[in-house]
**Student:** 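Here it is: the structure, laid out below.
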Amino acid sequence: MSEYDVDIRKFAGGWLPGALRGTVREWALVLIQPFRSLHHRFMQYREEKLRALQYDATTVRLEAMLNYYLHDELAELANGGRILVEDGAAVQQCIVYSKHEHLPVMVGMQMIHSCTAWGAVPFVVKIPAALQGNRDVWNRVDRLVRRYKLLGTKHTIEYYQD
């Protein structure tokens, strides 16, 4: 039990005089119903915020957070697939795009990044390919990652085959 667990029914009955507890008790419980619903909403909000504080910007925690919040969609649409978060330094990306062809071009053995990937690319979020057409899932993943990632870091979202 925490300091926020309050039995509203017992609290309302305790304020009534002993002689009126039998006759006025139900009437008092009806009057205290808005406080019961407010307390219930507060406890839900508190639980949600405590859960949000469990996650941080590490790749392991980001992966756990994404799989927790998108558990229903992953089980239903992706046959139990999981969202993976990988380090961006180990991922090979397209190096250079020619402006008029819009195709990847290799420039020797030198690593040249496109302007969208300049700076650090610390992690890549990989979603199962079964969710590729689902824009709602992509938006939820992007919104959750932006909420929990470190400020100034970059991320990319890709699809993978199981």
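Just so you know, these numbers come straight off a predicted model, no measurement behind them. The analysis underlying the following values was restricted to heavy atoms, covering all of them including side chains, and did not include hydrogens, waters or symmetry mates.
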**Student:** Do you reckon L144 sits in the same ILVMFWY cluster as Y159, going by side-chain contacts under 4.5 Å, direct or chained?
**Tutor:**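 They do share one cluster, since a chain of ILVMFWY contacts under 4.5 Å joins L144 to Y159.
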**Student:** Which pairs pass salt bridge (charged side-chain N to carboxylate O under 4.0 Å, His left out) with one or both residues in residues 31-48, sequence neighbours excluded?
**Tutor:**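 Every salt bridge (charged side-chain N to carboxylate O under 4.0 Å, His left out) pair that includes a residue of residues 31-48, provided the two are not neighbours, is E47-R51.
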**Student:** Check whether any side-chain heavy atom of V124 lies under 4.5 Å from a side-chain heavy atom of V85, and answer yes or no.
**Tutor:**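 Sidechains of V85 and V124: no contact.
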**Student:** Indicate yes or no: at least one non-hydrogen side-chain atom of R140 is less than 4.5 angstrom from one of Y69.
**Tutor:**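 Answer yes - side chains close enough.
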**Student:** Hey, what do you get for CG (N134) to CD (E73), rounding to the nearest 0.5 Å?
**Tutor:**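 Rounded to the nearest 0.5 Å, the CG-CD separation comes out at 7.5 Å.
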**Student:** Hey, are the side chains of Q54 and L50 touching, using non-hydrogen atoms and a 4.5 Å cut-off?
**Tutor:**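 SC-SC contact between Q54 and L50 ruled out.
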**Student:** H155 side chain to K149 main-chain N or O, any donor-acceptor pair under 3.5 Å?
**Tutor:**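 No, H155 side chain to K149 backbone: no donor-acceptor pair under 3.5 Å.
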**Student:** Is there a side-chain contact between T156 and V125, using heavy atoms and a 4.5 Å cut-off?
**Tutor:**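 No, their side chains stay 4.5 Å or more apart.
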**Student:** Tell me whether Q161 at atom CD has more than 12 heavy atoms from other residues, nucleotides or ligands lying less than 6.0 Å away.
**Tutor:**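 Atom CD in Q161 is not packed in, count stays at 12 or less.
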**Student:** Counting only N and O atoms by type, is there a donor-acceptor contact under 3.5 Å from the side chain of N139 to the main-chain atoms of R135?
**Tutor:**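 Yes, the answer is positive, given that a donor and an acceptor are paired below the 3.5 Å cut-off.
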**Student:** Taking C-beta and beyond as the side chain, do P128 and Y160 meet within less than 4.5 Å on heavy atoms?
**Tutor:**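 Yes, close enough: below the 4.5 Å cut-off.
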**Student:** In this structure, are over 12 heavy atoms from other groups packed under 6.0 Å from Y68 atom OH?
**Tutor:**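 Result for OH/Y68: open.
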**Student:** Can you tell me how far CD1 of I83 sits from CG of L131, rounded to the nearest 0.5 angstrom?
**Tutor:**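 The CD1 atom of I83 is 7.5 Å from CG of L131, to the nearest 0.5 Å.
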**Student:** Can you find a pair of side-chain heavy atoms, one from L62 and one from F123, that are under 4.5 Å apart?
**Tutor:**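 Yes, side chains in contact.
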**Student:** List the atom of Y148, the atom of M65, and the distance in Å for their closest heavy-atom pair.
**Tutor:**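 Heavy-atom minimum between the residues: CD1-CE, 3.4 Å.
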**Student:** If I take atom CD from residue E63 and atom CD from residue E86, how far apart are they, to the nearest 0.5 angstrom?
**Tutor:**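 Answer rounded to 0.5 Å: 8.5 Å.
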**Student:** Do L84 and L70 sit in one hydrophobic cluster, given that two such residues count as connected whenever their side-chain heavy atoms are within less than 4.5 Å of each other, even indirectly?
**Tutor:**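 In one cluster with L84: L70, no.
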